There are 2 protein chains.
Amino acid sequence: MKKGGEPAPKVRLLRAAAALLAESGGEPVSTRQITEAARVTAPTLYHHFGDKEGLFDAVVAEGFSEYLAAERSIPTSGQPIEDLRMHWDNHVRFGLDHPHLYLVMFGNIRPERRPSMVASAEAFLEEVLARAAAAARLVVSPHEAARSMLAANIGVTLMLISEPAAKRNLELSAMTREAVISAVATDSESDPVTDTEGTPSVVVAAIALNAALQSSHPDQLSSSELKLFLEWLQRISSRSGG
Amino acid sequence: MKKGGEPAPKVRLLRAAAALLAESGGEPVSTRQITEAARVTAPTLYHHFGDKEGLFDAVVAEGFSEYLAAERSIPTSGQPIEDLRMHWDNHVRFGLDHPHLYLVMFGNIRPERRPSMVASAEAFLEEVLARAAAAARLVVSPHEAARSMLAANIGVTLMLISEPAAKRNLELSAMTREAVISAVATDSESDPVTDTEGTPSVVVAAIALNAALQSSHPDQLSSSELKLFLEWLQRISSRSGG
DNA sequence: TAACACCTATAGCACCGTTATATGAACTGG
DNA sequence: CCAGTTCATATAACGGTGCTATAGGTGTTA
């Protein structure tokens with residue numbers, strides 16, 4: 001496509017927008033600033049991105065792909081709970097590294113504007129949690145667990161971003177992280193059926209079985225049988241809240 | 001000041017701004033819309049509020065006073081942990097009742113813009129937690145507990161707001177609430193020193209004593225003695241994170 | 001050369017937040 | 001009752017914003 005030398009105007013626009021968004025401390029960035037920084041005139045922006053919002057959406061999409069790349073680069077340690085901590089900390093780190101981008105990514109709440117991206121972040125976390133579920137370490141469904149963890153993770157990151165970098169106390173993150181994890185998972189590696197704690201062990205077993213079934217290719221059961229079985233399991237595993 | 005009949009222009013501006021902000025689904029509201037709705041011309045706005053931001057700050061301030069009034073109207077049940085649940089749920093309810101206002105109140109992260117208000121909300125929650133601490137039900141300091149709870153509370157509320165009202169699942173709130181509470185407090189009403197669980201009972205006792213000392217007027221100790229004593233307690237109670 | 005997409009630039013529109021200036025209303029001292 | 005002062009509102013305009021109708025340049029194909 002493009003040899004070397006100078007990037008194409010489209011790329012320059014993306015970089016200029018990202019840079020100005022990061023620098024200008026939250027205040028709005030004008031299209032004129034962007035086009036000037038990219039050494040381009042206004043119609044070029046609208047030709048490539050249609051909209052100011054379209055340009056910003058492209059910046060956000062790049063941010064998300066960077067975020068997801070960082071998430072995917074975290075290896076599976078074999079200890080599902082430890083993996084959860086890694087991903088939580090990575091989320092916070094990303095937020096503190098790119099505060100303004102993070103704000104546009106996770107602080108933009110308008111329901112119709114953000115679902116696809118945040119949903120994919122949530123889906124990825126759900127995959128990690130599914131591995132924990134397969135290891136019989138979850139006491140709720142991966143779906144619920146992912147939502148709860150992500151909500152708390154975002155809340156903590158926003159709060160950390162909001163305070164001056166000097167007096168940031170990462171203990172807030174670690175503490176809330178352990179709170180959510182301990183509510184969602186069990187630390188014991190013991191046999192789930194003979195769990196010694198007060199957690200309802202049948203629920204742990206059901207969730208683990210559910211996760212195992214969903215991740216494998218069950219040729220043993222007919223599809224209708226499987227469907228009924230999964231429904232039954234899900235009904236059990238969603239009753240852990242009491 | 002003002003009899004009855006028609007409110008003063010200043011009040012009309014406030015109400016118009018609040019109404020338009022609530023209606024117009026997150027999109028920016030222009031000063032012209034506001035002044036027209038308030039049946040007032042532009043300079044009146046700038047005379048009373050100096051700025052568009054000043055007007056919005058006033059709206060936000062009203063929102064916060066409404067929020068704090070709702071918080072204060074929650075009676076003390078005598079069961080500190082149950083009180084925590086009440087305040088958490090009240091926070092979520094406020095967010096879902098005034099989603100756009102909530103977004104400006106708690107979603108606006110720019111460090112210099114929001115501290116006073118959010119700080120007062122945090123301070124109020126800290127008071128509630130101090131009562132729990134005085135009842136020897138906290139395993140961390142009220143300050144840390146308030147920050148963690150508020151962060152998770154905001155994160156959950158933002159996530160609930162972001163999804164369509166139809167498919168909102170309040171279980172997310174309840175689950176995360178219990179997670180944070182259980183990490184911050186102990187459910188048992190037993191004597192803290194003879195606590196049966198794995199929680200370090202001396203820490204619970206220290207935090208309770210610390211809270212009791214700070215809330216009373218300690219005429220028994222000299223101020224220098226007290227200062228040293230409090231420092232010592234705080235050093236102990238901050239080591240619960242391990 | 002001619003024709004065709006593709007990309008970019010000139011110039012301008014309607015709107016925005018904001019303000020210099022002026023007019024009106026309400027109180028105060030004589 | 002009037003003059004002076006202060007507060008509150010209005011007229012009209014400025015510069016900046018997102019955006020676009022229109023036109024011009026560029027490279028590839030025939």
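From a predicted model like this one, the values you see are computed outputs, not experimental measurements. Side-chain atoms are counted along with the backbone in the values below, which use heavy atoms only and exclude waters and symmetry mates. Residue numbers start from 1 in every chain, and the chains themselves are labelled A, B, ... in the order their sequence lines are given, proteins ahead of strands.
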Contacts of Gly50(A) and Gln33(A) projected onto DNA chain D by closest heavy atom; the upstream (5') one is Gln33(A)
Out of dA10(D), dT8(C), dC19(D), whichever nucleotide has its closest atom nearest the side chain of Lys52(A):
dC19(D)
Report the distance from atom NZ of Lys10(A) to atom C1' of dC6(C), rounded to the nearest whole Å.
13 Å
Determine whether the aromatic ring centres of residues Phe106(A) and Phe94(A) are separated by less than 6.0 angstrom.
no
Exceeds 12 heavy-atom contacts within 6.0 angstrom, atom CZ of Arg168(A):
yes
Please tell me if Thr41(B) has a side-chain N or O lying less than 4.0 Å from either OP1 or OP2 of dT9(D).
no
Between His47(B) and dA8(D), does any side-chain N or O lie under 4.0 Å from OP1 or OP2?
yes
Is there a side-chain contact between His48(A) and the phosphate of dT8(C), meaning an N or O under 4.0 Å from OP1 or OP2?
yes
Send over the distance from Asp51(B) CG to dT19(C) C1', rounded to a whole Å.
12 Å
Any Tyr46(B) side-chain N or O less than 4.0 Å from OP1/OP2 of dT18(C):
yes
Kindly say whether the aromatic ring centers of Tyr67(B) and His98(B) come within a distance under 6.0 Å.
no
What is the distance, to the nearest angstrom, from the CD atom on Glu36(B) to the C1' atom on dC16(C)?
14 Å
Is Ser30(B) close enough to dC16(C) that one of its side-chain N or O atoms is under 4.0 Å from OP1 or OP2 there?
yes
Tell me if the aromatic rings of His87(A) and Phe124(A) count as close, with their centers under 6.0 Å from one another.
yes
Please report, rounded to the nearest Å, how far the P atom of dT8(C) is from the CG atom of Leu13(A).
8 Å
Within this structure, what is the CD-to-P distance between Glu53(B) and dC16(C), rounded to whole angstrom?
18 Å
Using atom CG of Leu20(A) as one end and atom P of dT17(D) as the other, report the distance to the nearest whole Å.
12 Å
Nearest-Å distance, CZ (Phe49(A)) to P (dT20(D))?
16 Å
Would you say Arg12(B) has more than 12 foreign heavy atoms packed within less than 6.0 Å of its CZ?
yes
Are any of Thr31(A)'s side-chain N or O atoms less than 4.0 Å away from OP1 or OP2 of dT17(D)?
no
Please determine whether any donor N or O and acceptor N or O are separated by less than 3.5 Å between the side chain of Arg32(A) and the base of dG16(D).
no
Mind calculating the distance between CG (Leu45(B)) and P (dT11(D)) to the nearest angstrom?
16 Å
